[in-house]
Engineer: 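What follows is a structure written as structure tokens; I'll ask about it next.
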Amino acid sequence: MAMFEVKELTKYFGGLAALSDLDLEVEAGEIRGIIGPNGAGKTTLFNVISGVYRPTSGEIIYQGKKISGLITSKIAGMGVVRTFQRTALFHKFTVMGNVLVARHLQAKGGLFRTIFGTNRQIDIEHEEKALKIIDFMGLSDLKNELADNLPHGHQRSLGVAMALAAGPKMIMLDEPVTGMDPTETKHMTDLIRKVRDEWEMTILLVEHDMKVVMGLCDKITVLNFGKKLADGLPEEIQENSDVIEAYLGGEEVAELLGE
């Protein structure tokens, strides 16, 4: 049985189907790319999976349990955590402070104790975990820097660190290399591989940079007008005529074909 499944998932906004009878299966430890032209339903899919929207119909199954329709905090507490296109940081907190806040999902004593240390043993445990994550993400030298002062690439890395701090088994990365230069993009791509390999994580990835998607993902699912257009290995997707047609007229075609 797949670790994560979407079954006949449909989401209407008024009379418009943003997602329509979508099926998806993801194995544990897989990096799955979700791609498609603008308006294909990628962000809606992430919003429905993470509990921002309730599905109109269909089911989402995670580790054998139905999570569709649950609130966001409940889904995150079960181990499914997402990042956002626009990095959601506490800009006036330090790097360390941001990661500690994210740890509250794992804190039996709650958010107040995590931040203010009313239970010192809990506080120490979360500080140690936070430091481990910060070091893993290459942010150790910046742990006392305000998030607001970080360069864009480091802010994106901090967003991933905060997701890891919540103790997930599956992370949903929403356009993780957006706005990055080639050096930052390579660094983030390497980090995503390390997250999967060293933290034994399953990753869903929405990204417009086709070179990143083709080089990073084990399998790719293509959406178009809210429906699944194709599923397969990167090389299969590159040669799929339906996918090429869906991207016609955009610069993505050249990237998709590796040209």
Side-chain angles (χ1 to χ4, degrees), residues 4 28-29 31 46 49-52 62-63 67 70-177 187-206:
F4 178 79
I31 300 178
F46 265 30
I49 292 172
S50 61
V52 176
Y62 169 69
Q63 292 187 325
I67 65 171
L70 298 180
I71 62 174
T72 299
S73 58
K74 180 68 173 178
I75 293 170
M78 292 173 69
V80 179
V81 176
R82 71 172 291 187
T83 65
F84 293 84
Q85 291 177 9
R86 295 182 178 179
T87 306
L89 305 177
F90 297 94
H91 287 273
K92 300 305 179 184
F93 283 21
T94 64
V95 168
M96 183 70 170
N98 272 271
V99 178
L100 282 174
V101 169
R103 284 290 299 162
H104 86 272
L105 284 173
Q106 294 291 89
K108 295 180 180 179
L111 177 59
F112 183 87
R113 287 184 178 181
T114 302
I115 297 175
F116 297 105
T118 55
N119 183 317
R120 186 55 187 159
Q121 184 56 42
I122 290 175
D123 193 43
I124 291 171
E125 290 173 1
H126 288 305
E127 285 180 5
E128 290 175 349
K129 183 69 171 181
L131 286 171
K132 178 182 178 182
I133 293 168
I134 289 169
D135 181 63
F136 177 81
M137 295 301 298
L139 297 171
S140 295
D141 292 342
L142 299 168
K143 66 181 180 182
N144 296 317
E145 187 68 59
L146 293 181
D148 206 26
N149 296 335
L150 297 178
H152 175 72
H154 285 119
Q155 287 191 356
R156 303 294 283 186
S157 294
L158 179 55
V160 177
M162 292 174 69
L164 287 174
K169 286 296 182 183
M170 187 172 87
I171 291 183
M172 303 162 62
L173 300 177
D174 197 349
E175 300 190 14
V177 303
H187 178 67
M188 178 57 74
T189 302
D190 291 342
L191 278 175
I192 292 170
R193 286 196 188 93
K194 285 180 64 179
V195 167
R196 188 271 299 275
D197 295 340
E198 297 184 24
W199 290 69
E200 299 181 349
M201 202 72 62
T202 303
I203 297 172
L204 292 186
L205 173 78
V206 165

Engineer: Using every non-hydrogen atom in the two residues, find where Met137 and Ala161 come nearest and quote the distance to one decimal.
Structural biologist: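 For Met137 and Ala161, the tightest heavy-atom pair comes out as CG-CB, 3.8 Å.
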Engineer: Taking the side chain as every heavy atom from C-beta outward, state whether Leu150 and Val95 have any atom pair closer than 4.5 Å.
Structural biologist: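 Of all side-chain heavy-atom pairs linking Val95 with Leu150, at least one is under 4.5 Å.
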Engineer: Report yes or no: does Thr83 contribute a side-chain atom to a donor-acceptor pair with the main-chain N or O of Val160 at less than 3.5 Å?
Structural biologist: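 Here the side-chain-to-backbone pair does not exist.
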Engineer: Working to the nearest 0.5 angstrom, can you tell me the gap between Lys92 NZ and Asn149 CG?
Structural biologist: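 These two atoms lie 7.5 Å from each other.
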Engineer: For a 4.5 angstrom cut-off between non-hydrogen side-chain atoms, does Met201 reach Leu164?
Structural biologist: yes
Engineer: Sequence neighbours left out, what pairs pass salt bridge (Lys or Arg N to Asp or Glu O under 4.0 Å) with at least one residue falling in residues 134-143?
Structural biologist: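 Found none.
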Engineer: Atom CG in Leu204, atom CE in Met170: separation rounded to 0.5 Å?
Structural biologist: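 If I round to the nearest 0.5 Å, the distance is 4.5 Å.
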Engineer: State, to 0.1 Å, how close Ala147 and Phe90 come at their nearest heavy-atom pair, and which atoms those are.
Structural biologist: CB-O, 3.7 Å
Engineer: Can you see which heavy atom on Leu191 is nearest to which on Ser157, and at what distance?
Structural biologist: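 Reported closest heavy-atom pair: CD1-OG, 3.9 Å.
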Engineer: Flag the pair Val80 / Pro168 as yes when at least one side-chain heavy-atom distance between them is below 4.5 Å, and no otherwise.
Structural biologist: no
Engineer: Output the distance between atom CG (Leu70) and atom CD1 (Ile49), rounded to the nearest 0.5 Å.
Structural biologist: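 These two atoms lie 13.0 Å from each other.
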Engineer: How far does CE of Met172 sit from CD1 of Ile75, to the nearest 0.5 angstrom?
Structural biologist: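 Met172 atom CE to Ile75 atom CD1 measures 8.5 Å (nearest 0.5 Å).
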Engineer: Kindly determine whether Val101 and Met162 satisfy side chain to side chain contact (heavy atoms under 4.5 Å, CB included), including the steps that lead there.
Structural biologist: CA-CA 8 Å; Val101 169; Met162 292 174 69; 5.6 Å; no
Engineer: Tell me, with the steps shown, if Ile171 and Arg82 meet side chain to side chain contact (heavy atoms under 4.5 Å, CB included).
Structural biologist: CA-CA 5 Å; Ile171 291 183; Arg82 71 172 291 187; over 6 Å; no
Engineer: So, Asp190 and Arg193, do they make that salt bridge, N to O below 4.0 Å?
Structural biologist: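 Looking at Asp190 and Arg193, the cut-off is met.
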Engineer: I want to check something: taking the side chain as every heavy atom from C-beta on, are Leu173 and Ile192 in contact at a cut-off of under 4.5 Å?
Structural biologist: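 Side-chain contact under 4.5 Å: yes.
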Engineer: Report the residues that fulfil side-chain hydrogen bond (donor to acceptor under 3.5 Å, both in side chains) with Thr72, sequence neighbours left out, ordered by chain and then residue number.
Structural biologist: none
Engineer: Does the Thr94 side chain pair with the main chain of Glu145, one donor and one acceptor, at a distance under 3.5 Å?
Structural biologist: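 Such a contact is absent between Thr94 side chain and Glu145 backbone.
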Engineer: Is the side chain of Arg196 donor-acceptor paired with the backbone N or O of Gly29 at a distance under 3.5 Å, no angle test?
Structural biologist: yes
Engineer: Restricting to ring-ring contact (aromatic ring centres under 6.0 Å, His included), what partner residues turn up for Phe136, sequence neighbours left out?
Structural biologist: Trp199
Engineer: Should Met96 and Leu100 count as side-chain neighbours, where that means a heavy-atom distance under 4.5 Å?
Structural biologist: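 A side-chain contact under 4.5 Å exists here.
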Engineer: To the nearest 0.5 Å, how far apart are NE2 in His126 and CG in Leu131?
Structural biologist: 13.0 Å
Engineer: Hey, are the side chains of Lys169 and Val81 touching, using non-hydrogen atoms and a 4.5 Å cut-off?
Structural biologist: no
Engineer: Find the distance between CG (Leu89) and CG (Leu158) and round it off to the nearest 0.5 Å.
Structural biologist: 5.0 Å
Engineer: Hey, does Thr202 have a side-chain heavy atom less than 4.5 Å from the side chain of Phe4?
Structural biologist: no
